[in-house]
Amino acid sequence: MSLSKFSEDLNDMQLEGVLATEGPVLVLAGAGSGKTRLLTYKIAYLVLELGIDPRAILGVTFTNKAAGEMRERVQSLCGGSLAGVWLGTFHATCGKMLRMDGDKIGLAENYSIYDDLDQKRLMKEVITEAGLDPKEYDPKRILGAISGFKNRLVCAEDFVPSTKDEKAFAKLWTAYQDALKTNNAVDFDDMILLTVRLLQEHEEVRRKYSRKFQYVLVDEFQDTNHAQYELIKLLSGYHGNITVVGDDDQSIYSWRGAEVRNILEFPDDFTSAKIIRLEQNYRSTTTILKAASSVVANNSERHEKTLWTNGAEGDKIKLYKLPDEYAEAKLIARSIKDEIDSGTSGKDIAVLYRINAHSRLLEEALTKLQIPHIIIGGIRFFERAEIKDIMAYLRLIYNPDDDISFSRVVNMPRRGVGLKSMCRLKELSRAAGTSLYRTLIGGNLEDLTPNSRKGFADFLELIEELRLTAKKSDAGEVVAQTLRESGYLSMLEQDGGLEARARLENLSELVNSGIEFANTHPEDPSINAYIIEASLLSGIDEYQPDEESVSLMTVHAAKGLEFDSVYICGLEEGLFPIGRSMESNSELEEERRLFYVAVTRARKNVSLMWATSRHYFGDERIGARSRFIDEIPEELLEGDKKTMPPEEIFQRHSSSKVEKFAGGAINPGTIVEHPFFGRGQVQAVKGWGENAVLTVAFPKYGTKKLLLKYADLSIVR
DNA sequence: CAAACATTATTTTTT
DNA sequence: ATAATGTTTG
C-alpha cells in the first residue's frame, strides 16, 4: 500500500488525523463520518509508512467485537504484519497488564473476574455476615454506589463517611473489598482502578508501559469514565502521542460513569492538542441526517456541529401509530417481509428497541412469518445458568479461593451436599481463615453425615483431577472434560426434557468456543486465558451477522453498527424517553442522544413506531407519542401523525395458534408420531416456528412437552 | 434433602 | 407476565 492510497481512501480531514501521528489529537467525529476508518488507517500508516513496531501501539475500543473488526481491517491494509499490537477494550487491556504485573499490588495472576451476578451474590453474603438484612440494604444499590466511586478512582480507604448511613455503607464497602480479596477476585471496576493504582504507585511498571506504547489510540472517547481517562493519560504519558476519537452527541453511557466532560477537558489536559472535526457523513440520506440533527439540536449541553452529506435526499421517514404492541410487532414483521421479498437481504435490516424486554414479542412476530433473525444482547450466552455453572468449575480449577464459584457448583449436579453441610463448611472456613476449598482439603468434617462427607470428597477429587487436566490440556479439552467428569452432562441427558436439551445445545457451543479459542490462541491456549477472555465478553460481542438474518437489539447495542433499514419501536413517552429520565434534564438529553444514535444507524430507511396502548408489568397502560417524534420536522415524515395503516393487520393475536411445519399444520388435535414415544395427540402449541413448544399426550408415556426444534416429529393426521 | 408451591422483584441501558 | 427467590411439604 502506498502513501497515495491513504489520500485516495480518506478525505482531507481524515487524512489530517492520520498524518498527525505525533502529539495529542482530538477527533470530534459525527455519526457515520468514518472515525473508525480514521483509526484503522492511522494504525496502518504507523506500521507501513513509519515502520513502527506494532508492539508499540495500543488501541482501545468499546467492545471486543469492535477491537476484532479493527484488527481485521488493519491486517488487510497491512497484509498481516500486525503481530504484537495491543487492540482491545479497556478491561481486556487492564486484564493483560494485571496478569503480568498485578503481583506488585498483591494480586495473584490467577484472579477471578466477577460479573454483576457474582458481585450480587458476594455482596449479599457480606451484608448478611455483617448482621444486616439484605432487604433493607439492597445489594444492587450498594454495588451501584461503589461502582460510582470506583469510576472516579475513589476506593474504600479514601472514603470518609459522615452520616450514619454513610458509615454503614463504608463498612459494607470495606467488607466487600475484603471478601473479594479473600476470594482472589476483582470486579469490572477494580480492573481499571487497580491498573491505575499499579501505574501510579509503581514507577517501574509505569515506565515499562508508557515507554512501550509509543502510540495510544482510543475509540468512543465520549464513553470513557474518569478512571479510564486517567489510565490512558498514564499510558501515553511518556511519548504523548495520543489520539482520541469521539462524538459528544453519541454519549449514551453516563449511567455507567461515562463523562462527556473528558472530551471537553482533553484540550486542557493536552494543551497542544490538535482538534480535528469530521462532519461529512457517508452513511445516511439527507432526510435521515436532517431528522436526526433536528432532534439532537434540542440538547443544550453539546458542541455545535453541522453534519452534511453528498448523498441523496432519500425516502421520507415512515411513522406508524398502532393500537398496541402486538400490532406493532406484527406490522414490523410484515413490513420486513415485504422488504425481503423485494430483494433486501435480512442482514441490512435492524429492529431497535429501548429495553430488552421488547425483544420477545418481536421475535414471535418474526418467527411467525418465518423471517430469520438474531437477537443480540438480552440474556447473554455467558450469563446462562448452565454456562455460568461450567465457568464456575473452570474458575475454581484455576483459582481455588473462589468461594462464589465453589458454592455455585459444589452441589451441581447433586452430590448430597445441602444447606446444612455448607453452613458447617463455612463455619470451619471462617475459623481457619481460609477459603472453602482449602478448608475441604484440610479435611476436618467428622461431624457431617456420611452422605455429605462423601459428596464433598467426590467433589474434591473431581476438582483435583480437573486441575491436573488443566495443566496439560488446552481450553477445549478442559471444558469437555469438565462437562463429562462433573456429571453435568449426564444430569442433563437423564433429564431429557426440552429445557435440558436446549442447555445441552448451549454447552456444546461452549465446548466449541473452547476449542476455537485454543486454535486461535496458539501462544496460550490454556483454560486460564480462555476464562479471562470469556469473562470480558459482552452481548454485542456475540453478534455474527449472516446473510439472511434480521438483527434485533437495544439501541445501546446498536452503537457503531449500520443498516439499510432501521425500525425503531416503542416510541412513547415513558418508554423512549424512558420514565425515570423525564424528571432530569441531563437524563432526558441522554435519551435524546440515544434516539439520535438509533436514527443515525440507518443508511436508507427509518421507520418509527408507537403504540397507544402497551402492557407494563402485566397491565395495560396508555402512552402518548414520544416527544422525539414531534421534534422531527413534519416534511421529513410520511404516514402522517393521524392516519393508521389498514385495520386488518391489527386483528389481535389470533387465538387459534396453528403451527406450520414440514408442509403441514400442527394445531391442537393433530396426531403426531415421535421416534421414541410413538403416536400422540397435540394438546397445545406455544410459541412459533422452530421454537414452538408442543404439549403432546402420548398414550404410554403420558403428556410431554416437546420443543419442535428438537423433537423429531412427523404428522400422522 | 429435594420438589412443589408461594411470593416477590423486575424493565433502561453493559464492560 | 415472568423470572428469580423464599417457604413449605413429602
Side-chain angles (χ1 to χ4, degrees), chain A residues 60-67 88-95 113-117 119-121 124 134-135 138-141 143-144 147 150-151 186-193 220 223-225 227-228 251-258 325 352-361 376-380 382-385 411-422 449 451-452 455 499 532-542 553-559 570 574-582 587-588 590-591 593-595 597-598 614-621:
Chain A
V60 186
T61 57
F62 196 66
T63 62
N64 294 288
K65 185 175 161 284
T89 62
F90 273 103
H91 291 88
T93 306
C94 290
I113 298 168
Y114 279 2
D115 68 9
D116 48 351
L117 242 94
Q119 285 186 62
K120 247 190 281 176
R121 285 187 181 211
K124 212 169 153 186
K135 274 174 196 156
D138 178 18
K140 240 175 106 180
R141 259 183 97 90
L143 286 167
S147 176
K150 286 182 179 173
N151 287 336
V186 298
D187 62 25
F188 284 133
D189 300 321
D190 282 339
M191 294 185 76
I192 314 287
L193 181 85
E220 308 281 13
D223 287 323
T224 53
N225 63 37
Q228 291 165 335
S251 158
I252 54 176
Y253 283 100
S254 71
W255 50 273
R256 207 172 79 188
E325 70 265 38
L352 308 183
Y353 34 82
R354 179 65 241 268
I355 58 172
N356 269 313
H358 279 156
S359 62
R360 185 172 292 147
L361 218 52
I376 295 122
I379 328 117
R380 291 198 285 274
F382 282 96
E383 275 172 4
R384 288 165 206 268
N411 201 32
M412 180 67 86
R414 305 259 124 84
R415 290 190 183 87
V417 175
L419 223 63
K420 236 181 180 160
S421 355
M422 269 306 281
T449 63
N451 209 10
S452 58
E499 203 183 302
I532 292 166
E533 177 164 300
S535 307
L536 297 173
L537 285 179
S538 69
I540 189 72
D541 292 329
E542 291 162 22
M553 68 189 98
T554 63
V555 184
H556 281 89
K559 199 178 68 160
L575 186 55
F576 200 173
I578 202 140
R580 211 176 303 169
S581 71
M582 298 196 297
E587 282 178 49
L588 183 64
E590 180 145 319
E591 291 291 304
R593 292 192 292 269
L594 197 55
F595 183 74
V597 169
R614 189 181 293 273
H615 292 273
Y616 286 101
F617 293 105
D619 47 28
E620 201 175 18
R621 297 254 191 104

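We name chains A, B, ... by the order of the sequence lines, and we start the count at 1 in each one.
Here A:Glu325 pairs with nothing under the salt bridge (charged side-chain N to carboxylate O under 4.0 Å, His left out) rule; sequence neighbours left out. In this structure A:Ala357 satisfies the side-chain contact (heavy atoms from CB on, under 4.5 Å) test together with A:Ile355, sequence neighbours excluded. With sequence neighbours excluded, no residue forms a salt bridge (charged side-chain N to carboxylate O under 4.0 Å, His left out) with A:Lys120. Residues passing the side-chain hydrogen bond (donor to acceptor under 3.5 Å, both in side chains) test with A:Glu587, sequence neighbours excluded: none. By the side-chain hydrogen bond (donor to acceptor under 3.5 Å, both in side chains) test, A:Asp187 is found to be paired with A:Lys150, A:Tyr176, residues two or more places apart in sequence or in another chain being considered. Shown here are the side-chain contact (heavy atoms from CB on, under 4.5 Å) partners of A:Leu117, two or more places apart in sequence or in another chain: A:Asp115, A:Lys388. Residues satisfying the side-chain contact (heavy atoms from CB on, under 4.5 Å) criterion with A:Leu537, sequence neighbours excluded, are A:Asn64, A:Phe382, A:Asp541.
Taking atom P in both B:dT7 and B:dT11, one finds a spacing of 22 Å when rounded to whole Å. For the P atom pair drawn from B:dT13 and C:dA4, the interatomic distance equals 14 Å after rounding to whole Å.
Atom C1' of nucleotide C:dA3 and atom CG of A:Leu117 are separated by 12 Å, given to the nearest angstrom.
Residue-level contact check: A:Gly416 touches the backbone only, with heavy atoms under 4.0 Å from sugar-phosphate atoms and none from bases. Note on A:Lys140: only backbone sugar-phosphate atoms sit closer than 4.0 angstrom, heavy atoms only; bases stay farther off. Within the 4.0 angstrom heavy-atom criterion, only backbone atoms of the sugar-phosphate kind lie near A:Asn411; the bases stay farther away. The residue A:Asn356 sits close only to the backbone: its heavy atoms come under 4.0 Å of sugar-phosphate atoms, none of a base. A:Phe576 comes within 4.0 angstrom of nothing in the nucleic acid, heavy atoms only. Across all strands, A:Arg415 comes closer than 4.0 Å to no nucleic acid atom at all (heavy-atom distances). A:Ser421 comes within 4.0 angstrom of the backbone, heavy atoms only, and of no base.
A:His556 contributes a side-chain N or O that, together with a main-chain N or O of A:Ile252, makes up a donor-acceptor pair within less than 3.5 Å.
Both A:Arg354 and A:Asn64 sit near DNA chain B, but only A:Arg354 has its closest nucleotide nearer the 5' end. Along DNA chain B, the nucleotide nearest A:Val417 and the nucleotide nearest A:Thr63 are compared for position; the residue whose nucleotide lies closer to the 5' end is A:Val417.
Along DNA chain B, read 5' to 3', the first and last nucleotides having any atom under 4.0 Å from a heavy atom of chain A are B:dC1 to B:dT15.
What you find for A:Phe576 and A:Glu591 is that their closest heavy atoms are CE2-O, 3.6 Å.
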What's touching nucleotides 4-10 of chain C from the protein side, N or O pairs under 3.5 Å?
residue : atom : partner  : partner atom : Å
C:dG6   : OP1  : A:Lys124 : NZ           : 3.0

